[in-house]
Amino acid sequence: MNELAALEAILFVTEQPVPARELAEVLEVPGARVDELLGELRTQLEERDAGLVLRSSARGWRLYSHPDAYPYLERFSASATSRKISPAAMETLAVIAYRQPVSRSQISEIRGVDSDSAVRTLERLGLIDEKERLNLPGNPAVYRTTDLFLERMGVNDVSELPPLADHVPPAQFVDTLEESIRPAGE
């Protein structure tokens, strides 16, 4: 099997992005050769208008579905038995992604409803994790997104997430609003 075919096979079966240096080790080629092979694979996929694209995300490389295939994948996922995230969990995930690190109580304040169940679900799915515990009464945990989240979003860092819509108030305004509704002494 040639190096390009081996690279494609590895990227096809991986469940998470593979760093270029690991690809070099597995293929037993120099890092520069891996870069060439990744470029060749990307070009081949583009030239044949493939249903897959090669992207770098979460500090590694992986094959992803082509964005133009999304309508078909949506229909497929609706017809197949698939595990979907509830709207509440999706909303909670958005709050964490854009406000991290953030505590459960902050998430609940922003959403206006209790978010404990959604946080537990997102933790169980590996999309968020506990960053640290605050030195406050009760030692509340603060949460952040994980590399799995970055991978699923197809980005290397949360700074690459799309900007919030123009109608969403800036974080400073939300902080001020939170302070104004928080009971005295909290």
Can you tell me how far apart [atom1] ([X]) and [atom2] ([Y]) are? Round to the nearest 0.5 Å.
| X | Y | atom1 | atom2 | result |
| --- | --- | --- | --- | --- |
| Leu122 | Asp129 | CG | CG | 11.5 Å |
| Leu52 | Gln44 | CG | CD | 12.5 Å |
| Thr14 | Glu22 | OG1 | CD | 7.5 Å |
| Ile10 | Arg62 | CD1 | CZ | 14.5 Å |
| Glu8 | Glu40 | CD | CD | 11.5 Å |
| Leu93 | Ile128 | CG | CD1 | 7.5 Å |

Inset, instruction - Please name the pair of heavy atoms, one in Val53 and one in Pro67, separated by the smallest distance, quoted to 0.1 Å. - result: CG1-CD, 4.3 Å
Legend entry - Shortest non-hydrogen separation from Arg99 to Val102 and the atoms involved: O-CB, 3.8 Å
hydrophobic_cluster_shared for [Y] and [X], side chain cutoff 4.5 Å:
| X | Y | answer |
| --- | --- | --- |
| Ile85 | Ile107 | yes |
| Leu23 | Phe12 | yes |
| Tyr64 | Leu7 | no |
| Trp61 | Leu4 | yes |
| Met90 | Tyr98 | yes |

Inset, instruction - Report, as yes or no, whether the 6.0 Å neighbourhood of atom CZ on Arg42 holds more than 12 heavy atoms from other residues, nucleotides or ligands. - result: yes
Inset, instruction - Take atom CG of Asn135 as the centre, draw a 6.0 Å sphere, and report whether it contains more than 12 heavy atoms from other residues, nucleotides or ligands. - result: no
Got [X] and [Y] here, is their nearest side-chain heavy-atom distance under 4.5 Å?
| X | Y | value |
| --- | --- | --- |
| Leu27 | Leu37 | yes |
| Leu45 | Arg48 | yes |
| Val142 | Leu134 | yes |

Inset, instruction - Any chance you could lay out the salt bridge (Lys or Arg N to Asp or Glu O under 4.0 Å) test for Arg33 and Glu36, step after step, and finish with the verdict? - result: CA-CA 5 Å; Arg33 178 65 181 141; Glu36 291 172 15; 3.0 Å; yes
Inset, instruction - Can you spot which of Val158, Leu161, Leu127 makes a side chain to side chain contact (heavy atoms under 4.5 Å, CB included) with Leu150? - result: Val158
Legend entry - Val95: which of Arg111, Gln100, Glu109 passes side chain to side chain contact (heavy atoms under 4.5 Å, CB included): Arg111
May I ask you to decide if [Y]'s main-chain N or O and [X]'s side chain share a donor-acceptor pair within less than 3.5 Å?
| X | Y | answer |
| --- | --- | --- |
| Ser115 | Ala118 | no |
| Thr145 | Ala97 | no |
| Arg144 | Lys131 | no |

Legend entry - Of Arg59, Arg152, Gln16, the residue whose pairing with Asp147 passes side chain to side chain donor-acceptor pair (under 3.5 Å): Arg59
Legend entry - Test side chain to side chain donor-acceptor pair (under 3.5 Å) applied to Tyr143 and Arg104, Gln106, Glu130, the passing residue: Arg104
Inset, instruction - Report the C-alpha separation of Ser57 and Val155 in whole Å, then their side-chain angles, then the decisive distance to 0.1 Å, and conclude whether the side-chain contact (heavy atoms from CB on, under 4.5 Å) test is met. - result: CA-CA 5 Å; Ser57 69; Val155 297; 5.9 Å; no
Legend entry - side-chain contact (heavy atoms from CB on, under 4.5 Å) assessment of Leu11 paired with Leu38: CA-CA 10 Å; Leu11 295 174; Leu38 290 166; 4.1 Å; yes
